[in-house]
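Below is one structure; the comments refer to it alone.
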Amino acid sequence: MNSYEINHQSRESALKTMAQETFLNARKQGAWHSIKNRLLRKPNQLESFAEVTAKGSLSQQHELGTQTIEIKRIVGSMGRVDDFDRDFHPRNSLNFERWLNIALAFQKGMALPAVELYKIGNDYFVKDGHHRISVASTHGQTYIDAA
């Protein structure tokens with residue numbers, strides 16, 4: 001093994017360790033947010049797209065194209081309301097490997113695809129990209145590209 005391969009393996013190992021620690025910190029932070037929001041009687045769960053749309057009909061749909069969206073405007077999900085909290089902290093470890101792989105790509109500076117969102121009023125609901133939003137938010141990113 002040459003020095004390049006050793007350095008590359010060391011870097012990969014360090015990035016993986018950092019991603020794992022970031023995930024664990026995000027889970028801890030999510031637990032604290034849950035307690036704080038319960039005490040303050042504030043919502044902590046993502047809104048369900050199905051429940052919101054059941055209250056009123058969606059009469060028009062159209063593509064908005066790719067836009068940069070403020071993450072805090074993403075308030076709900078189209079099916080993963082139990083996997084992430086309102087701030088996109090992971091609520092369980094079921095999808096740890098998926099989260100870790102996206103975090104590694106993020107840390108390496110790789111371009112990630114835009115997330116897919118539905119807009120209702122001024123709020124957004126995630127169709128695809130929950131983990132990308134979680135990783136971006138955990139790393140301090142306040143905006144994300146969405147289609």
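Worth knowing before you read on, the calculation uses all heavy atoms, side chains too, and leaves out hydrogens, waters and symmetry mates.
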On a heavy-atom basis, which atom in [X] and which in [Y] lie closest, and how many Å separate them?
X: Ala146; Y: Ile69; value: CB-CG1, 3.8 Å
X: Trp99; Y: Ala19; value: CZ3-O, 3.7 Å
X: Pro43; Y: Asn37; value: O-ND2, 3.9 Å
X: His130; Y: Ser77; value: NE2-OG, 2.7 Å
X: His33; Y: Asp85; value: CB-OD2, 4.4 Å
X: Ala136; Y: Ile144; value: CB-CD1, 4.1 Å

Contact check, side chains of [X] and [Y], non-hydrogen atoms, under 4.5 Å:
X: Leu100; Y: Gln20; value: yes
X: Phe23; Y: Ser93; value: yes
X: Asp145; Y: Val115; value: no
X: Arg86; Y: Val75; value: yes

**Message:** Within a 6.0 Å radius of atom NZ on Lys108, are there more than 12 heavy atoms belonging to other residues, nucleotides or ligands?
**Reply:** yes
**Request:** May I ask you to check whether over 12 heavy atoms, not counting those of Glu70, lie within 6.0 Å of atom CD?
**Result:** yes
Give a yes or no on whether [X] and [Y] share a hydrophobic cluster (residues Ile, Leu, Val, Met, Phe, Trp, Tyr; joining criterion: side-chain heavy atoms under 4.5 Å apart).
X: Phe84; Y: Tyr143; result: no
X: Leu40; Y: Ile35; result: no
X: Tyr118; Y: Val81; result: no
X: Val135; Y: Phe96; result: yes

Roughly how far, to the nearest 0.5 Å, is [atom2] of [Y] from [atom1] of [X]?
X: Leu104; Y: Met18; atom1: CG; atom2: CE; answer: 8.5 Å
X: Leu112; Y: His131; atom1: CG; atom2: NE2; answer: 13.0 Å
X: Ile71; Y: Asp87; atom1: CD1; atom2: CG; answer: 10.5 Å
X: Asn95; Y: Arg80; atom1: CG; atom2: CZ; answer: 4.5 Å
X: His89; Y: Ser34; atom1: NE2; atom2: OG; answer: 11.0 Å
X: Phe88; Y: Ser137; atom1: CZ; atom2: OG; answer: 8.0 Å

**Prompt:** Of Ile74, Leu46, Val52, which meets side-chain contact (heavy atoms from CB on, under 4.5 Å) against Phe125?
**Reply:** Val52
**Pair Arg132 + Glu116: basic N to acidic O under 4.0 Å** = no
